[in-house]
Amino acid sequence: QGQLVESGGGLAQPGGSLRLSCAASGRPFSRYTMAWFRQAPGKEREFVAAINWIDVSITYTDSVKGRFTISKDNTKNTMYLQMNSLKPEDTAVYYCNPTVFEDNAWYALDSWGQGTQVTVSS
């Protein structure tokens with residue numbers, strides 16, 4: 001079924017930037033809408049952003065609009081999340097997953113990978 005591997009997390013100061021990557025092995029992204037989710041300590045996992053691999057339609061959760069940019073590279077079968085103007089509340093483990101939008105919510109279609117930790121702190 002293939003594997004999704006998230007990377008690029010780390011420690012950033014408030015106002016700083018990080019770029020996350022989601023690479024797929026043995027699984028072409030072209031059939032899916034791919035999304036980033038995140039889970040902060042003590043909170044439920046939440047949707048962050050999604051990109052449709054065919055029509056490139058993009059959706060962001062309100063809290064990251066204007067700060068985060070989701071993108072993809074078809075040749076590398078990789079998805080990215082450029083995170084600017086980071087805030088402490090962006091601290092979370094970030095995951096990627098194929099996704100579907102149903103009943104006004106985003107749902108992951110696959111099992112979760114290990115994620116990548118993003119910590120925003122001064």
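By convention here, the first residue in the shown sequence is residue 1.
- A12 and S17 make their closest contact through CB-O, 4.5 Å (heavy atoms, listed as atom of the first residue, atom of the second, distance).
- L86 and Y80 fall into different hydrophobic clusters, defined by Ile, Leu, Val, Met, Phe, Trp and Tyr side-chain heavy atoms under 4.5 Å apart, directly or through other members.
- The two residues I58 and I51 have their closest heavy-atom pair at CG1-CG1, 3.9 Å.
- In this pair, F37 and F47 present their aromatic rings perpendicular. The plane angle is above 60°, beyond the 30 to 60° band.
- Distance alone, capped at 3.5 Å, places no donor-acceptor pair between the Y94 side chain and the E6 backbone.
- Sorted by first then second residue, the disulfide bond (SG atoms under 2.5 Å apart) pairs that include residues 91-122, not counting sequence neighbours, are C22-C96.
- When every heavy atom of L4 is checked against every heavy atom of P98, the shortest pair comes out as CD1-CD, 3.7 Å.
- In the hydrophobic cluster analysis, where Ile, Leu, Val, Met, Phe, Trp and Tyr join through side-chain heavy atoms closer than 4.5 angstrom, L18 is grouped together with F68.
- Every residue two or more places apart in sequence or in another chain was checked for a salt bridge (charged side-chain N to carboxylate O under 4.0 Å, His left out) with K43, and none qualifies.
- Judged purely by atom type and a 3.5 angstrom limit, N97 uses its side chain to pair as donor or acceptor with the backbone of D110.
- Pairs engaging residues 89-101 under the salt bridge (Lys or Arg N to Asp or Glu O under 4.0 Å) rule: R38-D90, R67-D90 [sequence neighbours left out].
- In the hydrophobic clustering of ILVMFWY residues, with side-chain heavy atoms under 4.5 Å counting as a link, Y95 and I70 come out apart.
- Using a 3.5 Å distance cut-off with no hydrogens or angles, the side chains of S57 and D55 do pair a donor with an acceptor.
- The CG atom of L81 lies 8.0 Å from the OG1 atom of T69; values are rounded to the nearest 0.5 Å.
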Practice problem: Walk me through it: do K87 and V120 pass the test side chain to side chain contact (heavy atoms under 4.5 Å, CB included)? | Solution: CA-CA 6 Å; K87 303 176 180 180; V120 184; 5.5 Å; no
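- Between L20 and T116, the shortest heavy-atom distance links the atoms CD2-CG2, 3.9 Å.
- Summarising the geometry, atom CZ belonging to R19 is positioned 11.5 Å from atom CE belonging to M83; distances are rounded to the nearest 0.5 Å.
- Here the CD-CG distance, from Q117 to L11, works out to 10.0 Å after rounding to the nearest 0.5 Å.
- Residues F101 and T59 have side chains not in contact (no heavy-atom distance under 4.5 Å, counting atoms from C-beta outward).
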Quiz item: Run the side chain to side chain contact (heavy atoms under 4.5 Å, CB included) check on V56 and K72 step by step: do they pass?
Solution: CA-CA 9 Å; V56 204; K72 63 182 180 71; 4.0 Å; yes
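- Hydrophobic clustering (ILVMFWY, side-chain heavy atoms < 4.5 Å, transitive): V48 and Y60 are in one cluster.
- Summarising the geometry of S121 relative to P14, their closest heavy-atom pair is C-CD, 3.6 Å, with the distance given to 0.1 Å.
- Put simply, the side chain of T99 gets close to the backbone of Y107: a donor and an acceptor are under 3.5 Å apart.
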Quiz item: Does the side chain to side chain contact (heavy atoms under 4.5 Å, CB included) test come out yes or no for W53 and N74, once each step is laid out?
Solution: CA-CA 8 Å; W53 221 253; N74 291 350; 3.1 Å; yes
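- Using a 4.5 Å cut-off between side-chain heavy atoms of Ile, Leu, Val, Met, Phe, Trp and Tyr, with links allowed through other members, M34 and W106 fall into different hydrophobic clusters.
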